[in-house]
Amino acid sequence: MQKPSIPKGTRDFSPAEMMRRNYIFDSIRQVFRTFGFAPLETPAMENLSTLLGKYGDEGDKLLFKILNSGDYAAGLAPDELRQASKICEKGLRYDLTVPFARYVVQHQGEIVLPFKRYQIQPVWRADRPQKGRYREFYQCDVDVVGSRSLLNEMELVEIVERVFRKLGIAVTLKMNNRKILYGIAETIGHADKMIDITVAIDKLEKIGIDNVKAELRERGIDDAAIDRLQPILELRGDNRRKLSALRDVLSGSETGLKGVEELETVFGYVERLGIALAVELDLSLARGLNYYTGAIFEVKANDYAIGSICGGGRYDDLTGIFGMPDTSGVGISFGADRIYDVMVGLELFPEEVNFSTKVLFVNLGADEEAASLGLLRALRDAGVAAEIYPEKGKMKKQMEYANRRSIPYVAIVGSDELARQTVTLKDMRTGEQRQVPFAELAASLQ
């Protein structure tokens, strides 16, 4: 019989992996809640009409479409069966932002603006699987909708700082503004091709300037415009110097100057708060999703080679697509799977997330079992994860079980221990053993 398998780009998660993943989710969730964000969940599948056209042509190609169920094919001609719109009306969500916008519009009479929510759920993309890129993966999103205040952008920067400080990952947050990108497109004479320009320059880090220039030519950008664009992308210096240079370059673009002003405000907040996070203006950052209109963010790990582990931005009218115009929002998404890979690679997980049980009681007989069960209950009442080996057996076998489960402590209650009302507590990592009175066992394991 053929061994069962799962689709490429998806994964099973063992108990050990889930304990680590839950550590990430819990750490992120705690920070989100500290800033007053409330939890939300939306369905795994959405109507295709909700998803299509929100991510650009490249994003639309990566949507997983779901075949209609039942007798959907009845009465359809052969040529109609080849049309996706006739046989697929639903799709798996590509991200959490568009479903969030749909939710806001659908429930606008029930929510209070500004509406702050966080969402931790899986998303799906029909992508080519590779290192750090999966077809099914989790996102941890935090968004506020119904406010244009740049204080929201500042809070997102602070959330990034606090999350990665909690996880122990050194990161750099790169920022840009889509208004600046429009201003650049306008300045080089191709305002009508802003999307083509942003899609191309967003690949600068991956494919290099020469390949970006080649793609720009394929997208109809002439060489003169490309020559004017290149020095803008290669501006050097700190954030203040880059923004000063941009004011001169974009002097003829009202929209571009508005983007410069917005970034100056956000950087000013960050500086005044003393946020201990490297925040860098990166003019090649474009974030390929079409719905972004203002500030855009991307976070890279400093000490581990992988793609961005966090990203997001401002979207001024995403809800307008669903019939609720002029409702601005801004958010950022933490890529839990890439964060996991970074933490494994850098060995950043604390030891306590590597085991589900802290202490195992060995089972040596009826009287010993009875005493152990009472102690076991007391430990659980004290919040200590504990269990007992379910059958009486050889000590060696039970010790091997504890080792294979990475359980750090074994509690031994034999006839001698019963007589003394003590437990022999063995540290499985060091081999050290000590006698602990029954009444003190819980406190000794806190």
Side-chain angles (χ1 to χ4, degrees), residues 6 9-35 39 118-123 129-134 136-142 158-173 276-278 298-311 332-360 379-380 382-387 400-410 425-432 444-446:
I6 59 176
T10 66
R11 293 153 297 160
D12 291 320
F13 297 110
S14 68
E17 289 169 320
M18 280 306 305
M19 286 186 287
R20 292 177 172 186
R21 287 171 64 81
N22 284 336
Y23 173 77
I24 294 172
F25 295 143
D26 291 344
S27 298
I28 293 173
R29 187 181 290 110
Q30 287 170 11
V31 174
F32 288 170
R33 292 181 65 86
T34 299
F35 283 77
Y118 72 84
Q119 195 168 345
I120 301 176
Q121 288 187 275
V123 299
Q130 53 187 290
K131 181 183 178 182
R133 188 179 293 274
Y134 307 104
E136 179 187 58
F137 55 97
Y138 270 73
Q139 288 185 336
C140 309
D141 278 25
V142 60
E158 192 176 359
I159 285 172
V160 169
E161 176 204 29
R162 289 175 182 267
V163 165
F164 289 111
R165 183 174 66 203
K166 199 175 188 70
L167 296 175
I169 304 174
V171 299
T172 297
L173 186 149
L277 174 70
E298 200 162 89
V299 178
K300 298 288 184 71
N302 294 343
D303 305 317
Y304 192 82
I306 199 170
S308 65
I309 57 177
C310 182
I332 199 162
S333 176
F334 292 80
D337 298 273
R338 287 188 177 183
I339 291 172
Y340 179 95
D341 290 344
V342 171
M343 294 189 69
V344 168
L346 298 178
E347 298 181 348
L348 295 176
F349 285 104
E351 183 184 13
E352 58 266 23
V353 306
N354 293 321
F355 51 82
S356 58
T357 296
K358 190 168 187 177
V359 57
L360 172 75
L379 286 184
R380 289 170 175 166
V384 178
E387 61 180 281
E400 286 177 351
Y401 175 80
N403 264 330
R404 293 189 66 183
R405 290 272 313 280
S406 298
I407 298 173
Y409 295 100
V410 167
L425 191 64
K426 181 173 182 177
D427 188 325
M428 299 297 288
R429 298 158 297 186
T430 66
E432 177 188 353
S444 73
L445 288 166
Q446 294 290 338

With the side chain counted from C-beta on, respond yes when N354 and S406 share a heavy-atom pair under 4.5 Å apart, and no when they do not.
no
I'd like to check the side chain to side chain contact (heavy atoms under 4.5 Å, CB included) partners of L346; sequence neighbours left out, ordered by chain and number.
D303, Y304, V342, L348
Flag, side chain of R338 to backbone of S308, donor-acceptor distance under 3.5 Å
yes
Check side chain to side chain donor-acceptor pair (under 3.5 Å) between T172 and all other residues, then give those that pass, not counting sequence neighbours.
N302
Partners of Q121 by side chain to side chain donor-acceptor pair (under 3.5 Å), sequence neighbours excluded?
Q119
Applying side chain to side chain contact (heavy atoms under 4.5 Å, CB included), can you list everything that pairs with A402, at least two apart in sequence or on another chain?
L360, I407, V410, M428
Residues that E158 engages under side chain to side chain donor-acceptor pair (under 3.5 Å), provided they are two or more places apart
R162
Looking at residues at least two apart in the chain, or sitting in another chain, which of them share a side chain to side chain contact (heavy atoms under 4.5 Å, CB included) with T34?
none
Does anything in residues 15-30 pair up under salt bridge (Lys or Arg N to Asp or Glu O under 4.0 Å), and if so which pairs, sequence neighbours excluded?
R21-D337, D26-R29
Among all residues two or more places apart in sequence or in another chain, which pass the ring pair (Phe, Tyr, Trp, His ring centres under 6.0 Å) test with Y340?
F349
Ring pair (Phe, Tyr, Trp, His ring centres under 6.0 Å) with Y401: which residues, sequence neighbours excluded?
Y389
Looking at residues at least two apart in the chain, or sitting in another chain, which of them share a side chain to side chain donor-acceptor pair (under 3.5 Å) with Q139?
none
So the salt bridge (Lys or Arg N to Asp or Glu O under 4.0 Å) pairs with at least one residue in residues 343-358 (sequence neighbours excluded) are E351-R429
Listed partners of F164 passing ring pair (Phe, Tyr, Trp, His ring centres under 6.0 Å), at least two apart:
F334
